[in-house]
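Everything below concerns the one structure shown next.
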Amino acid sequence: MRYLLPKAIALFAAFLIYCGYNTRKKQNTLQNTMPYTLTMVRGGFHKDAFQIIGNSIFYLPDTTASKSIDRYNKPTIKVLNDTERNAVFEHLEQNGFWELKSNYTTSASCTSSVTVTLEQGARKKTVVCQDFDRDCPDLVKYIDQKMVQLEGNQLKWVFMPG
């Protein structure tokens with residue numbers, strides 16, 4: 001009987017610690033499952049956009065001018081699997097997208113701009129690079145490369161000024 005009270009206290013303390021751990025774990029999981037939206041708009045002679053919403057990636061071509069390479073003129077939608085989609089957003093989180101500057105300027109002329117917007121719940125960050133080739137962070141270049149790769153039609157930068 002004399003050991004019953006310490007055992008009950010230890011059991012109750014273990015229960016409280018377990019409940020507190022599970023609550024934090026559930027909150028972190030909820031934060032990580034909030035949907036992301038990623039939009040990349042290319043300027044220069046491209047004037048097109050890529051967007052990941054949910055499990056879909058969209059390519060939205062320039063509607064004001066026709067390109068000489070036909071695949072740059074056709075909008076597309078491709079369904080991504082969870083692993084592909086999550087890998088992109090995990091890479092952005094781990095490599096500091098939220099800490100990037102909002103604007104990257106250049107002294108060069110004849111530039112091709114790129115604008116990337118990442119949204120997750122109430123968080124939203126837009127990064128503008130005046131020149132994709134020069135003065136643009138590697139993480140933004142990674143986003144361009146990933147969007148082109150995931151969309152699957154090899155829509156790389158080819159219409160560059162200069």
Legend entry - Distance (rounded to the nearest 0.5 Å) between S112 OG and D133 CG: 7.5 Å

Legend entry - D138 CG to N95 CG distance, which is reported to the nearest 0.5 Å: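 Spacing of CG (D138) from CG (N95) equals 10.0 Å.
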
Inset, instruction - Scan for salt bridge (charged side-chain N to carboxylate O under 4.0 Å, His left out) pairs involving residues 90-103, sequence neighbours excluded, and state none if there are none. - result: E93-R123

Inset, instruction - Verify the distance criterion only: is there a donor paired with an acceptor across the side chains of Q51 and T39 at less than 3.5 Å? - result: yes

Inset, instruction - For atom NZ of K125, decide whether the heavy atoms of other residues, nucleotides or ligands shown that lie under 6.0 angstrom number more than 12. - result: yes

Inset, instruction - For K146, check side-chain hydrogen bond (donor to acceptor under 3.5 Å, both in side chains) against everything at least two apart and list the hits. - result: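 Checked K146 against side-chain hydrogen bond (donor to acceptor under 3.5 Å, both in side chains); matches are Q149.
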
Inset, instruction - Salt-bridge test for R134 and D131: reply yes if a basic N is under 4.0 Å from a carboxylate O, no otherwise. - result: yes

Inset, instruction - May I ask you to say whether D144 pairs ionically with R42, meaning some side-chain N is under 4.0 Å from a carboxylate O? - result: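 Result for this pair is yes, salt bridge flagged.
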
Legend entry - Shared hydrophobic cluster for V127 and Y142 (ILVMFWY, side-chain gaps under 4.5 Å):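 Same cluster.
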
Legend entry - Co-membership, hydrophobic cluster, residues V116 and L60, 4.5 Å side-chain: no

Verify, without hydrogens or angle tests, whether [X] (side chain) and [Y] (backbone) share a donor-acceptor contact under 3.5 angstrom.
X	Y	value
Y72	K156	yes
Q130	T106	yes
D62	T64	yes

Legend entry - Contact check, side chains of I52 and F89, non-hydrogen atoms, under 4.5 Å: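 Answer yes - side chains close enough.
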
Legend entry - Non-hydrogen atoms of M147 and I57 that approach each other most closely: O-CD1, 3.5 Å

Inset, instruction - Under the salt bridge (charged side-chain N to carboxylate O under 4.0 Å, His left out) rule, collect the residues that match up with K74, sequence neighbours excluded. - result: D70

Inset, instruction - Kindly determine whether D48 and Y59 satisfy side-chain hydrogen bond (donor to acceptor under 3.5 Å, both in side chains), including the steps that lead there. - result: CA-CA 8 Å; D48 56 10; Y59 171 69; 2.9 Å; yes

Inset, instruction - Would you check, one step at a time, whether the test side chain to side chain contact (heavy atoms under 4.5 Å, CB included) holds for L150 with E84? - result: CA-CA 8 Å; L150 292 172; E84 290 174 314; 4.1 Å; yes

